[in-house]
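Presented below is the structure to which this report refers.
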Amino acid sequence: QVQLVESGGGLVQAGGSLRLSCAASGGTFTSYAMGWFRQAPGKEREFVAAVNWNGRSTYLADSVKGRFTISRDNAKNTVYLQVNKLKPEDTALYYCAAAFRPYGGFRIDSREYDYWGQGTLVTVSS
């Protein structure tokens, strides 16, 4: 059983930046592809970013390309989402997720993820 704990959210003005972190425990971190999703009020959860097991392959949603970066530190069992140039429409609860894929590639479909964190709230004011 893998536990995921997100942190780093907060209230920020438009144009600002945050670094979201997701600490994993209870499993072999390198056996998991990791992803970030978000859910805005009244909307469905959507894919944001994904990274493969060793961090060398990443994928970002079109809406965040050029502004967000996903990375992982396998020595710290942590995945990060650097969010820059924030917009009010980025306001959402951001979730970290883990997909069991030993030596596998990233995943963008939420149905392929096995474990989820509780989320960290990002609020962007205009």
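Computation of the quantities below employed the complete heavy-atom set of this structure, encompassing side-chain atoms and omitting hydrogens, waters and symmetry-equivalent molecules.
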Taking the six-membered ring of Phe29, is NZ or CZ of Lys76 closer than 6.0 Å to its centre and within 45° of its axis?
no
When you group the ILVMFWY residues by side-chain heavy-atom contacts below 4.5 Å and let the links chain together, are Tyr59 and Phe100 in the same group?
no
Compare all side-chain heavy atoms of Glu46 with those of Arg38 and state whether any distance is below 4.5 angstrom.
yes
Between Ile108 and Tyr95, is there a shared hydrophobic cluster once you connect ILVMFWY residues whose side-chain heavy atoms come closer than 4.5 Å?
yes
Under the ring-ring contact (aromatic ring centres under 6.0 Å, His included) test, residues paired with Tyr80 that sit two or more places apart
none
Student check: side-chain heavy atoms of Trp53 and Arg101 closer than 4.5 Å
no
Please state whether the rings of Tyr94 and Phe68 are parallel, tilted or perpendicular, taking 30° and 60° as the class boundaries.
tilted
How about Thr30 and Asn54: do any of their side-chain heavy atoms sit closer than 4.5 Å?
no
Do other residues, nucleotides or ligands put more than 12 heavy atoms under 6.0 Å from Gln118 CD?
no
From OG (Ser25) to CD (Gln3), nearest 0.5 Å:
4.5 Å
Any donor and acceptor pair, going by atom type alone, linking the side chain of Thr58 with main-chain N or O of Ala50 inside 3.5 Å?
no
Taking all non-hydrogen atoms of both residues, which atom of Arg72 and which atom of Asn74 are closest, and how far apart?
NE-OD1, 2.8 Å
Distance (rounded to the nearest 0.5 Å) between Asn84 CG and Thr69 OG1
6.5 Å
Candidate pair Thr91 and Glu89, rule side-chain contact (heavy atoms from CB on, under 4.5 Å), full reasoning:
CA-CA 5 Å; Thr91 294; Glu89 52 264 43; over 6 Å; no
Close side-chain approach of Leu81 and Val48, heavy atoms under 4.5 Å
yes
side-chain contact (heavy atoms from CB on, under 4.5 Å), that's the test. Do Leu4 and Val2 meet it? Break it down for me.
CA-CA 7 Å; Leu4 302 172; Val2 174; 3.8 Å; yes
Does any N or O in the side chain of Arg67 come within less than 3.5 Å of the main-chain N or O of Lys85, such that one atom is a donor and the other an acceptor?
yes
From CA spacing to verdict: side-chain contact (heavy atoms from CB on, under 4.5 Å), Ser21, Glu6:
CA-CA 6 Å; Ser21 300; Glu6 302 96 333; over 6 Å; no
Just wondering, do Glu44 and Ser110 contact through their side chains at under 4.5 Å, heavy atoms?
no
Do Thr78 and Asp73 have side-chain atoms, one donor and one acceptor, less than 3.5 Å apart?
no
As an exercise, state the distance from CG of Asp114 to OG of Ser31, rounded to the nearest 0.5 Å.
11.5 Å
At their closest point, which heavy atom of Ala33 faces which heavy atom of Gly105, and how far apart are they?
CB-O, 3.5 Å
Taking C-beta and beyond as the side chain, do Thr120 and Ser7 meet within less than 4.5 Å on heavy atoms?
no
Is any side-chain heavy atom of Val122 closer than 4.5 Å to a side-chain heavy atom of Val83?
no
One thing to verify: whether Asp62 and Lys65 come together as a salt bridge, which I'm taking to mean a side-chain N less than 4.0 angstrom from a carboxylate O.
yes
Which residues pass the ring-ring contact (aromatic ring centres under 6.0 Å, His included) test with Phe37, sequence neighbours left out?
Phe47, Tyr113, Trp116
Check whether any side-chain heavy atom of Met34 sits under 4.5 Å from a side-chain heavy atom of Arg107, and report yes or no.
no
Can you name the closest pair of heavy atoms from Val79 and Cys96 and give their distance?
CG1-SG, 3.7 Å
Start with the C-alpha gap between Cys22 and Trp36, add the side-chain angles, then the distance that decides, and say whether side-chain contact (heavy atoms from CB on, under 4.5 Å) holds.
CA-CA 9 Å; Cys22 171; Trp36 287 94; 3.7 Å; yes
Would Ile70 and Leu93 show up in the same hydrophobic cluster when neighbours are defined by side-chain heavy atoms closer than 4.5 Å?
no
